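Report on the structure given below.
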Amino acid sequence: MSTVPPPRSETELLERAAALSGRTLRDLAAAAGRIVPPDQRRMKGWVGEFIEDLLGADARSLSEPDFRTLGIELKTIPLNARGRPAESTWVCIVPLAGDPESWEGSGVCRKLSRVLWVPVEGDRSIPLPARRVGSAFLWSPGPAEEIALRADWEELTGMIALGDLESITARHGRWLQIRPKAANARALTRSTDAGGAPLDTLPRGFYLRAAFTAALLRRHAPDPYNGPRPGPDPDPSK
DNA sequence: AGCTGATCATAT
DNA sequence: ATATGATCAGCT
């Protein structure tokens, strides 16, 4: 197993990511002297951590962007059989105690300010080692995207501020949703109710709906396994 | 087939 | 317990 140094520029990062495109996890693991687990039932974060290692992410388990000096966050997107995101994207924990945050100072805004998205085949019928990495792309929210995300964030954090956390379900929020983020349903974290009284609640996380990342994918990697730009149609006469 | 609520591993 | 990385599994 080798350690890849952090990329020194966005260009270098993108070049590394492009070099993964079209290759299987088995090939990439073999080249790195690693073994792909047979499945992810007990290794749910394996793909994301593996891609981090391959690209030289240097902030594992720190509350900083994955590529610290570049200020870039890495997110893998599992794609279903139709080539669309199969899962929502984890963003960050929902702060349930302490001082209220501004949008600009929020975890959601900071995490999503610059993201390298790496699509990976995620259809459960494909054995994990055979899954291909797709075309990565770098993204920052455009003005309309930021307005939409901020509106969801304000709606959700507003409910929490009013003490309505327990009434929030995954159905709230157009693009951003709140769901449990815990080892299990018995795990508890300290929170504060509307009156400021402490209580224990299930830890929650912010997630980006699959519909949101699907839109990003359509615009930035419409053909994720065959390069970032749609190529000419294959000639049917050949 | 898509979504929601629940869960798994690792490091600190 | 918190933060990192997410996917699982059951229900509609």
Side-chain angles (χ1 to χ4, degrees), chain A residues 1 3 25 29 34-68 72-98 101 106-108 110-112 115-129 131 133 136 152 156 165-192 198-215 217:
Chain A
M1 172 156 113
T3 299
L25 296 177
R34 295 175 55 163
I35 299 295
V36 185
D39 62 69
Q40 294 187 113
R41 298 164 61 111
R42 307 204 142 218
M43 311 274 294
K44 295 183 182 182
W46 190 86
V47 172
E49 289 162 2
F50 180 49
I51 301 295
E52 282 187 344
D53 291 345
L54 292 180
L55 295 178
D58 59 346
R60 177 82 67 83
S61 81
L62 299 180
S63 296
E64 296 179 52
D66 294 298
F67 302 97
R68 277 187 282 186
I72 295 172
E73 179 72 17
L74 173 66
K75 290 292 179 196
T76 58
I77 314 178
L79 303 185
N80 63 22
R82 298 177 49 203
R84 309 195 66 246
E87 295 284 354
S88 54
T89 298
W90 152 252
V91 180
C92 62
I93 205 75
V94 178
L96 297 176
E101 293 178 328
S106 70
V108 174
R110 287 184 288 104
K111 285 273 184 168
L112 298 181
V115 180
L116 180 73
W117 298 97
V118 182
V120 178
E121 277 183 320
D123 186 312
R124 276 130 113 151
S125 73
I126 306 172
L128 187 56
R131 295 183 193 175
V133 177
D152 283 343
L156 294 164
L165 170 66
E166 299 306 330
S167 69
I168 295 178
T169 75
R171 293 167 179 80
H172 290 89
R174 175 97 190 266
W175 305 116
L176 200 61
Q177 62 181 175
I178 287 180
R179 305 218 306 280
K181 170 63 172 177
N184 57 62
R186 277 76 66 194
L188 297 176
T189 190
R190 203 65 154 175
S191 68
T192 310
L199 71 154
D200 290 329
T201 51
L202 185 62
R204 317 298 169 90
F206 284 111
Y207 295 80
L208 240 26
R209 293 182 181 279
F212 184 86
T213 46
L217 218 43

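Note on naming: letters A, B, ... go to the chains in the order of the sequence lines (proteins, then strands), and numbering restarts at 1 for each one. Computed from a prediction, not measured in an experiment: that's the story for all the values here.
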message: Measuring from the side chain of A/R124 (C-beta onward, heavy atoms only), which nucleotide among B/dG5, C/dG5, C/dA9 has the closest atom?
response: C/dA9
message: Once you apply a heavy-atom cut-off of 4.0 Å, does A/Y207 come out as touching a base, just sugar-phosphate, or nothing?
response: base
query: Which of the following nucleotides, B/dT4, B/dG2, C/dG5, is nearest to the side chain of A/N80?
result: B/dG2
task: Find the distance A/R131:CZ to C/dA6:P and express it as a whole number of Å.
output: 14 Å
query: A/F206 has an atom CZ; how far is it from atom C1' of C/dA3, in whole Å?
result: 16 Å
statement: Which of A/V94, A/T201, A/L202 passes side chain to side chain contact (heavy atoms under 4.5 Å, CB included) with A/L165? It is A/T201
task: Considering just the side-chain nitrogens and oxygens of A/T76, establish if one lies under 4.0 Å of OP1 or OP2 belonging to C/dG5.
output: no
task: Would you mind telling me which residue lines up with the more 5' stretch of DNA chain B, A/R186 or A/R171, judged by nearest nucleotide?
output: A/R171
Below 4.0 Å: OP1/OP2 of C/dA9 and any side-chain N or O of A/R41: yes
message: Mind checking if A/K181 touches a base, just sugar-phosphate, or nothing, with heavy atoms under 4.0 Å?
response: base
statement: Ranking C/dT4, C/dA9, B/dC8 by distance to the side chain of A/D66, first place goes to C/dT4
- prompt: Just checking A/S88: base, sugar-phosphate only, or nothing, at a heavy-atom cut-off of under 4.0 Å?
  reply: base
- prompt: Base, sugar-phosphate, or nothing: which does A/Q40 touch, judged by heavy atoms less than 4.0 Å apart?
  reply: sugar-phosphate
- request: Scan A/R179 against the nucleic acid and name what it touches under 4.0 Å (heavy atoms): base, sugar-phosphate only, or nothing.
  value: base
message: Counting the atoms with a prime plus P, OP1 and OP2 as sugar-phosphate, which does A/E64 contact under 4.0 Å by heavy atoms, base, sugar-phosphate, or nothing?
response: nothing
query: So which one's nearest nucleotide on DNA chain B is more toward 5', A/H172 or A/E49?
result: A/H172
query: If you check the A/P180 side chain, which of B/dG5, C/dC8, B/dA9 turns out closest?
result: B/dG5
